[in-house]
Amino acid sequence: MPELPEVESARATIQAAALDRRIADVDDSDTYECRPHPPGEIRDALVGRSITAAHRQGKSMWCDTSGVGRSRTPGPTLGLHLGMSGRILVTDADGALYEGGDWQGGRYGQGGEQPDRKPVWDRFTITFADGGTLRLFDKRRLGRVRLDPDLSKLGPDAEEVSADDLATRLGRSKAPVKARLLDQSVVAGVGNLLADQTLWEAEISPQRPADDLSPAELDRLHDALHHATKDAIANGGVHTGEIIAFRAAGARCPRCGTEMTRATVGGRTTWWCPKEQT
DNA sequence: CCATATGTTAAAAG
DNA sequence: ACTTTTAACATATG
């Protein structure tokens with residue numbers, strides 16, 4: 001479920017529950033999620049250190065790490081990407097579970113696994129000296145873990161981009177505006193659902209050429225992007241967006257009652273109101 | 001078996 | 001050469 005709001009929630013979880021705990025071991029044996037690092041490389045780089053901060057830009061997260069022992073020389077940054085289905089789970093020394101920035105209660109890894117939390121879906125695990133863990137739980141296995149990730153291609157974060165900057169960046173291409181919103185080098189953090197929600201709020205068709213939008217439309221788009229993002233973070237994820245439940249065959253626009261249209265735009269399944277979004 | 005899935009990216013196409 | 005689109009990736013689920 002991860003778009004910007006979910007990733008921000010995961011980042012907050014790490015910041016709240018995983019900082020300043022000495023790393024005793026790392027399971028980086030999933031060579032697909034950890035590529036191109038060979039097994040053991042990430043472990044060797046992290047053991048003895050601790051996470052000192054958790055950052056995010058768009059859907060990319062990275063953690064700063066401490067020096068080993070008394071050394072003040074910081075370690076590598078640990079890049080984490082949730083891919084299509086990743087979640088960050090952090091446990092206490094007692095096994096108490098933190099996720100999504102909130103206390104979840106319950107236990108993990110003591111014989112009480114939920115059927116939707118099979119340990120085989122733990123693709124990367126840090127074990128702290130206190131016995132707790134930080135895990136990347138990822139059913140579909142498209143997440144990524146890497147040392148010192150290259151973030152230079154990322155555009156400005158969707159939560160922070162200014163109206164002027166967004167307009168300039170979108171307008172550099174005649175591609176459909178939705179394709180531009182999904183392009184992480186244009187603006188970072190927008191995924192398929194957040195794009196549909198934003199365009200519906202702004203009443204702009206996803207198929208409109210990006211360089212054809214009027215100043216008024218670009219302004220609406222910027223407002224909608226910030227509002228949709230902020231709302232999703234506050235409400236617990238992009239799936240809480242008003243239009244998301246109406247991305248379905250036969251559903252009608254909750255504002256005007258017109259039947260929703262479906263097509264592939266920007267390579268992804270797209271739903272919009274053909275009457276209001278022009 | 002088929003289609004679909006909230007992401008990224010290499011390869012192909014234009 | 002640069003931009004845009006498609007396919008592939010690994011896996012689960014209906």
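Labels below follow one simple rule: chain letters A, B, ... track the order of the sequence lines, proteins then strands, and each chain is numbered from 1.
- Rounded to an integer number of Å, the gap from A:Asp196 CG to B:dT6 P is 9 Å.
- Of the side-chain N and O atoms in A:Gln184, none sit less than 4.0 angstrom from OP1 or OP2 of B:dG7.
- Atom CH2 of A:Trp121 and atom P of C:dA12 are 6 Å apart (whole Å).
- The gap from the P atom of C:dT4 to that of B:dT6 amounts to 23 Å, rounded to the nearest Å.
- Among the atoms of the strands shown, only primed sugar atoms or phosphate atoms (P, OP1, OP2) are found under 4.0 Å from some heavy atom of A:Arg144.
- Across the P atoms, B:dT9 and C:dA1 are found 23 Å apart, a figure rounded to whole Å.
- Nucleotides C:dA10 and B:dA11 are separated by 14 Å at their P atoms, to the nearest Å.
- Remark: P of B:dT4 and CG of A:Asn192 are 13 Å apart, rounded to the nearest angstrom.
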Discussion item. If you apply the rule side chain to side chain donor-acceptor pair (under 3.5 Å), what do you find for A:Ser66 with A:Thr52, and how did you get there?
Written reply: CA-CA 6 Å; A:Ser66 72; A:Thr52 56; over 6 Å; no
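- Here A:Ser85 does not reach the OP1 or OP2 of C:dA12: none of its side-chain N or O atoms lies under 4.0 Å away.
- Checking C:dT5, C:dA10, B:dT6 against every side-chain atom of A:Ala175, the shortest atom distance belongs to C:dT5.
- Between the CD atom of A:Gln57 and the P atom of B:dT8 there is a distance of 13 Å, given to the nearest Å.
- Under the 4.0 Å criterion applied to side-chain N and carboxylate O atoms, A:Asp157 and A:Arg56 are assigned as salt-bridge partners.
- In this structure, A:Lys118 places its NZ atom 6 Å from P of C:dT13, rounding to the nearest Å.
- Judged by distance alone, with hydrogens and angles left aside, the side-chain atoms of A:Ser185 form no donor-acceptor pair with the main-chain N or O of A:Lys153 at under 3.5 Å.
- Side-chain to base pairing of A:Arg140 with C:dA10: one donor and one acceptor N or O lie within less than 3.5 Å of each other.
- Phosphate proximity of C:dT13 to A:Lys139: present, with a side-chain N or O under 4.0 Å from OP1 or OP2.
- For A:Asp150 and B:dT8, the CG to P distance is 14 Å, given to the nearest whole Å.
- Distances shown here put a side-chain N or O of A:His81 below 4.0 Å from the OP1 or OP2 atom of B:dT8.
- For A:Arg35 and C:dC9, the CZ to C1' distance is 8 Å, given to the nearest whole Å.
- Using a 4.0 Å heavy-atom criterion, one finds that A:Gly191 contacts the sugar-phosphate atoms exclusively.
- Heavy atoms of A:Arg262 sit under 4.0 angstrom from primed sugar atoms or phosphate atoms, though from no base atom.
- Figure legend: A:Arg247 and A:Trp200 shown without cation-pi pairing, the cationic atom not lying both under 6.0 angstrom from the six-membered ring centre and within 45 degrees of its axis.
- Relative to the side chain of A:Pro2, the nucleotides C:dC9, B:dT6, C:dT4 differ in distance, and B:dT6 lies closest.
- Taking atom P on both nucleotides, B:dC2 is separated from C:dA8 by 15 Å, rounded to a whole Å.
- The interatomic distance linking A:Leu136 (CG) with C:dA10 (P) rounds to 16 Å, in whole Å.
- For C:dA10, there is no paired nucleotide, since no Watson-Crick or G-U wobble pair has both relevant distances below 3.5 Å.
- Judged by distance alone, with hydrogens and angles left aside, the side-chain atoms of A:His222 form no donor-acceptor pair with the main-chain N or O of A:Leu166 at under 3.5 Å.
- For the atom pair CD of A:Glu201 and CG of A:Leu221, the computed distance is 10.5 Å after rounding to the nearest 0.5 Å.
- Residue A:Lys59 places at least one side-chain N or O under 4.0 Å from the OP1 or OP2 atom of B:dG7.
- Across all strands shown, B:dT6 forms no Watson-Crick or G-U wobble pair with both key distances under 3.5 Å.
- When the nucleotides C:dC9, C:dT13, C:dT4 are ranked by their closest atom to the side chain of A:Tyr32, C:dC9 comes out on top.
- Phosphate proximity of B:dG7 to A:Arg141: absent, as no side-chain N or O sits under 4.0 Å from OP1 or OP2.
- Using a 4.0 Å cut-off between charged nitrogen and carboxylate oxygen, A:Asp27 and A:Arg135 do not count as a salt-bridge pair.
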